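In this text, all values refer to a predicted model and were calculated from it rather than measured experimentally. Note that the numbering runs from 1 along the sequence shown for the chain.
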Amino acid sequence: MFSICSTLLFIAGAAFAFTSMIGFLFGIPRPAIIAESEKSKSRYIGNDNLLQVSDWLTKIILGLGLTQLHEIIPLLKKTAVFIRISTKLDNDALIVLIILYYACLGFLFGYLWTRLYFIRMLRASDNDTSNTEETSAQVNTHITTDIKTGVITAEKK
């Protein structure tokens, strides 16, 4: 009984993990279009390679999924038979249900996590970068003033 439960738990975890990665790919946000005046404030532009890979993989997954849609049900049946033979569990429908349930749950988790939390992390990262640039500009202003006047204006720590 323990081996059956552990095998089903492993299968559920694998379905969840795999589809949560797909959900992540589907949920990656696009950057907003920034005016040229805003771009000039920063010397660096964020790397969008992850976005490009996400777009390519999303298109590939959708394309393969749509063209191979007729193969999904036989593949699920073969997987259920393989697991049934391996675990001596006599219920193919339960195995398929566990795979589908955790696959949907994983996709939903990956997509929602990306849309809700990953965006916040990206925004925080952008804010940290802009705060660093503002601090650098202030330090440069103090240094320039100190050099011109010959008087130290910034506090030493």
Side-chain angles (χ1 to χ4, degrees), residues 2-89 91-141 143:
F2 178 73
S3 67
I4 293 172
C5 290
S6 61
T7 302
L8 291 178
L9 186 62
F10 179 74
I11 291 166
F16 183 88
F18 179 71
T19 55
S20 64
M21 288 186 286
I22 295 173
F24 175 79
L25 289 174
F26 275 76
I28 292 179
R30 291 196 169 281
I33 298 174
I34 300 172
E36 286 298 320
S37 61
E38 290 292 320
K39 286 183 181 177
S40 63
K41 290 181 181 178
S42 173
R43 296 188 318 184
Y44 301 101
I45 297 173
N47 189 342
D48 67 343
N49 289 344
L50 182 61
L51 180 65
Q52 292 175 5
V53 170
S54 169
D55 286 344
W56 295 335
L57 286 175
T58 301
K59 291 172 186 172
I60 290 170
I61 290 168
L62 282 175
L64 286 174
L66 291 174
T67 58
Q68 301 299 319
L69 197 58
H70 62 280
E71 293 291 325
I72 291 175
I73 293 174
L75 182 64
L76 278 173
K77 287 180 181 177
K78 287 179 186 175
T79 304
V81 168
F82 176 76
I83 293 169
R84 182 191 57 185
I85 292 169
S86 300
T87 61
K88 301 196 176 30
L89 182 67
N91 196 344
D92 288 351
L94 177 65
I95 296 168
V96 170
L97 182 68
I98 288 172
I99 292 171
L100 290 177
Y101 176 76
Y102 282 97
C104 293
L105 195 64
F107 179 84
L108 185 64
F109 172 80
Y111 181 80
L112 289 176
W113 182 86
T114 305
R115 299 297 291 172
L116 296 174
Y117 297 105
F118 188 66
I119 289 176
R120 288 182 190 167
M121 286 188 248
L122 290 175
R123 286 183 187 149
S125 172
D126 290 344
N127 288 341
D128 287 346
T129 303
S130 64
N131 290 341
T132 303
E133 290 171 0
E134 290 171 9
T135 304
S136 299
Q138 291 172 354
V139 169
N140 287 338
T141 304
I143 291 172

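- Closest of all the heavy-atom pairs between Ile83 and Ile11 is CD1-CD1, 3.0 Å.
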ring-ring contact (aromatic ring centres under 6.0 Å, His included) between Phe26 and Phe107, worked out: CA-CA 9 Å; Phe26 275 76; Phe107 179 84; 5.5 Å; yes
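- Counting all heavy atoms, side chain and backbone alike, Ala12 lies closest to Ile98 at CB-CG2, 3.9 Å.
- Using a 4.5 Å cut-off on side-chain heavy atoms (C-beta onward), Leu8 and Leu89 make contact.
- The closest side-chain heavy-atom distance from Ile95 to Leu76 is not below 4.5 Å.
- In this structure, Ile73 places its CD1 atom where only 12 or fewer heavy-atom neighbours from other residues, nucleotides or ligands lie under 6.0 Å away.
- Contact record, Ala17 with Ser20: O-OG, 2.8 Å, taken as the closest heavy-atom pair.
- Here the two rings, on Phe24 and Phe118, have centers that are under 6.0 Å apart.
- Taking 4.5 Å as the limit, some side-chain heavy atom of Tyr101 sits within range of a side-chain heavy atom of Leu105.
- The line from CD1 of Ile119 to OG1 of Thr114 is 8.5 Å long, rounded to the nearest 0.5 Å.
- Between Asp92 and Arg84, the shortest heavy-atom contact is OD1-CD, 3.2 Å.
- Counting all heavy atoms, side chain and backbone alike, Val96 lies closest to Ala80 at CG2-CB, 3.7 Å.
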